[in-house]
Amino acid sequence: MISENLTRDISRAMRRVDAVDKSEGRSKYISDYDFKDCLWARMVRSSIPRGKIKNIKLPQLPQGYYWVSYKDIPEGGHNYLHMIATDWKCFADDRVLYVGETIGLIVGPDKTKVEDLRDLIEIEYEEEEPAVSIDDGVACKGGAFINENNIHCHLKLEVGEDVESVFKRCDRVVGETIETGFQEHVYLETNGACCVPESNGNYTIYASAQCPFYIRKSIAPVLNIDPEKITVKQTTTGGAFGGKEHFPDVLCGPLLLAAYKTGKAVKMIFDREEDIENSVKRHPSKVVFRTGLDKDGNILAMDSKVYYNVGAYLASSYVVLQRGCFHVSGCYEFPNFRTEGFGVATNTFPSCAFRGFGAPQTLFAIETHMCHLAQMYGIDPLEYKSRYFIKQGDTTSTNGKIVEKVMIPEMLEQVLKASDYRRKAKEYKAGSGKGIGISFYNHGGAFTGNGESAIIKAKCRLHKYPDGTVEILNGQTEMGQGFHSILPKIAAHVLEIPVEKVIYKDPDTSRVPDSGPTAASRSTMIVGKLVEDAARQMKMRWDKEEEFEVETNYQHPEGFPWDQGTFQGYAYLGYGWGVCAVEVEVDPCTGEVTTKGVWSSHDGGHLIDEMIVHGQVNGGVLQGLGWASTEVMQNVGGHFKQTSMSDYMVPTSRDFPKQECFFVDNPYEWGPFGAKGLGELVFNGSAAAYIDAVSRAIGKRISSIPCPTEQVMLYMLDGKNIGEEL
Amino acid sequence: MEAKISFKLNGKNVSITTDPLRRLLDVLREDMGCTGVKEGCSEGECGACSVMFNGKMVTPCLIPVGAADKQEIMTIEGVRETELGARIVQAFADGGAVQCGFCIPGMVIAAYNLLQDNSNPSDDEIRLAISGNICRCTGYDLIVESIKLAAGRAK
């Protein structure tokens, strides 16, 4: 239960603890450290998407310069990185599966010399035909290279009656395919790490990273050592968004081997071009719907096939695909529903975590499909969607129930009032050049089902020192989202001490317990609660003991079963919920879109800090608008075409107007002070609202993103009209 | 070929003998210890490395250090010591402008560059002034608000 007197002030904005140091340029990011006698490393990578390595011709290496490859892995060591799957190789051996795959490192004392030597390496390949797109992968272009069908992973979910038999009694069954593209994270700080061998035979990794404990576990097999012999220290991290969840392992594994071979500290910092061309992206997706309707347009059954472009290695993608499939029914309850997910192997850089972790793609798909169904029957999309809104107690796509109160009606009212949606939706005729769109979305907080208790088993410690300061000890990282301000605030609030008396350092795996990854919108919801509980226990002993520690362990609430084998049951106990409206004007000659307004309302439970949440909303919504519009990332023949910040365009301060943000207060029973996860939720919906608005403005149906100006123009010239039969 | 290059950095005279074609960004970070100057894109696109050069904002990733000879440069390390710079820093902290922080020293410079000439900018003027500085975290709104806050706090 949430105690009233403690919740009273927690939401009030607090100055972030890191704001002044960051603004003054004092915070040290990985490239700001000067490691003593440090060697520089540059990666040597595959320049082809698929083939065999026939020969590697190295230049004469001067004294003190090294070539590091899989051949340096000591006996007993493994040439893989232990992410969720263990298929991503630390170094390519005899074959390469994507452009950019790590083949080796050139290591040495002078950075420029290392680069020059790298450029002299000649690699001879026997090239094979690559599969690049989802369609290529499914068609096994060039021959299957994963299983016999290029399908890395697969799952199927069904609710209600068999959809095929329902389809037989429908008035009609319509089909539609919705697609989304690659998205690059563009964290402002590129990837970088340094591995330092210690005199006792252990290693210390310094890295710009989200999940220090992931790195340790992932790279220890390379030397076949106990993960505890590797200490990971997170350095101030300049943005991540999922792009530094597993990907730092791809730098740190080779660096560990280089430090082992040379006996020296080895550092690697990517430049921007290297980072854009050779890092993980958001999975491109294709969702194929078949929807059975009665004569009035009511949905009787829906079938969806979800394809994600996984790339060459599975890594964490099965979990991404699962989350995608769990969110494909959006904020709706349909009577009969089936979804089947396919993780498709292609010869592209492996896709991985990106804010939303698979949910944004399917949410964009369902929102867009629902709009198109509504328009086919001449019904306003808002009116049509609202017939199916899911409520507390309703059945989810995994045959669980919605546990909490769903406040979509209240959130919708806020957005309707502020945006004047109803009037505008009526007044702006299809193709008039003006349009307003609306979307609904959610995001299941924390790991799916019983993952928090079965897989993560988070622990958190609080230490009270004799001078009355308290230290929070856990593995959660600050990467910009504000967690290192949120957590001290929670502890200080319970202990009734000033927040300045709470210490919370960047994690060092040798001195903090593993509280799980900083991912999955779980930090506030799960670890925040562990800190709240620990602080309550500490408070009871506060006056009696001078120095002591309290440790709390995560316990999953009882009565919400989940079967990870069949994906049946309660996938999430608490969802974040969102409503977003976007208004645009489109130039009838050029197709240029001017966004006139962006309104959103979010349910993140009871908010811990209004200002931090406000910043999360603004940033997440804008990233979603970028994904929908200008962020074009093409892969042609296995090569990314956009390789810099001049050709991959993220929104600037002038591309979208000031947002209006609203919230509802909906305390979550198992969260700290009633808070839920929110960091990913805020990304999940703006793309669909934007595309709905643009589509109405030009009077054409849009079924794929990104949709930059030139694409808008193509739709205007040659698109299907809104309302045409699907 | 090396040359001796002298310039004024954050109010002090400095000189260095180096290849005049080295990027000013590298000299500031590696030789002068100004690590508050951040490298984001290396092509003048993101603004993270912004510094004041003879009173105007530039991106030193595009400038050879030879061009700095006999010129005056102020980095975040100098700007934060000025009344206006300190006011912007405090407003950024109070207004929620800062998330991951990597773009922020450059944003402070952009705000400084604007407010030194325009003490009461409109929202549009602020958005224009920071349009060469990419932020991937904040969506810019609270940065704009914080710059207004800094302007409003002028004595």
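Numbers restart at 1 for each chain; the letters A, B, ... are given by sequence-line order, proteins then strands.
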- The interface call for B/Gln99 against chain A, heavy-atom contacts under 4.5 Å, is both
- Query: What part of B/Glu145 gets closer than 4.5 Å to chain A, counting heavy atoms only: side chain, backbone, both or neither?
  - Reply: side chain
- Item | Closest non-hydrogen atom pair between A/Leu188 and B/Ala48, with its separation | CD1-CB, 4.3 Å
- Item | Within 6.0 Å of CG in B/Asp117, more than 12 heavy atoms from elsewhere | yes
- Nearest 0.5 Å, what's the OG1-CD distance between A/Thr652 and B/Glu45? 10.0 Å
- In Å, rounded to the nearest 0.5 Å, how long is the span from CG of A/Asp32 to NZ of B/Lys38? 3.5 Å
- Item | Interface moiety of B/Leu128 toward chain A, non-hydrogen atoms closer than 4.5 Å | both
- Message: Looking at A/Ser31, is its backbone amide N or carbonyl O close enough to the side chain of B/Arg29 to form a donor-acceptor pair, meaning the two atoms are under 3.5 Å apart?
- Response: yes
- Quick one: what part of B/Ser131 sits under 4.5 Å from any heavy atom of chain A, side chain, backbone, both or neither? both
- Please lay out, stage by stage, how B/Val144 and A/Ser653 fare under the test side-chain contact (heavy atoms from CB on, under 4.5 Å). CA-CA 9 Å; B/Val144 174; A/Ser653 55; 5.5 Å; no
- All heavy atoms of A/Met645 vs all of B/Cys46, minimum pair found to be CE-CB, 3.6 Å
- Message: Checking B/Phe102 against A/Ser27 for the side-chain contact (heavy atoms from CB on, under 4.5 Å) test, could you report, in this order, the C-alpha distance in whole Å, the side-chain angles of both residues, the deciding distance, and whether it holds?
- Response: CA-CA 9 Å; B/Phe102 203 80; A/Ser27 298; over 6 Å; no
- Message: Quick check on B/Asn13: does its CG atom have over 12 non-hydrogen neighbours (other residues, nucleotides or ligands) under 6.0 Å away?
- Response: yes
- How far does SG of B/Cys137 sit from CD of A/Gln616, to the nearest 0.5 angstrom? 8.0 Å
- With rounding to the nearest 0.5 Å, note down the distance linking CG in B/Leu142 to CD1 in A/Ile612. 11.0 Å
- Note on the structure: When every non-hydrogen atom of A/Gly25 is compared with those of B/Pro105, the smallest separation belongs to CA-CG, 3.9 Å
- Task: Kindly say whether B/Arg136 contributes a backbone atom to a donor-acceptor pair with the side chain of A/Gln623 at under 3.5 angstrom?
- Result: yes
- How long is the span from the SG atom in B/Cys135 to the CG atom in A/Asn618, to the nearest 0.5 Å? 10.0 Å
- Between A/Gln481, A/Glu478, A/Arg654, which shows the greatest number of heavy-atom pairs under 4.5 Å with chain B? A/Arg654
- Assert top hit (heavy-atom pairs under 4.5 Å, partner chain B, pool A/Thr237, A/Val186, A/Val20) equals A/Val186
- Taking A/Gln659, A/Lys658, A/Met479 one by one, which has the highest count of heavy-atom pairs under 4.5 Å against chain B? A/Lys658
- Separation of B/Asp94 CG from A/Met611 CE (nearest 0.5 Å): 7.0 Å
- For the pair B/Arg80 (side chain) and A/Glu24 (backbone), establish whether a donor and an acceptor sit closer than 3.5 Å, ignoring hydrogens and angles. yes
- Which atom pair, heavy atoms only, marks the closest approach of A/Ser23 to B/Val98? OG-CG2, 3.4 Å
- Indicate the atoms forming the closest heavy-atom contact of B/Cys100 with A/Gly239, along with that distance. CB-N, 3.2 Å
- Query: Counting distance only, does the side-chain N/O of B/Tyr140 pair as donor-acceptor with the main-chain N or O of A/Pro651 below 3.5 Å?
  - Reply: yes
- Message: Can you see whether B/Glu43 engages A/Ser646 through a side-chain donor-acceptor pair at a distance of less than 3.5 angstrom?
- Response: yes
- Message: Between A/Arg272 and B/Gly40 (side chain of the first, backbone of the second, donor and acceptor by atom type, cut-off under 3.5 Å), is there such a pair?
- Response: yes
- Item | Nearest heavy atoms of B/Arg127 and A/Phe656, plus distance in Å | NH1-O, 3.7 Å
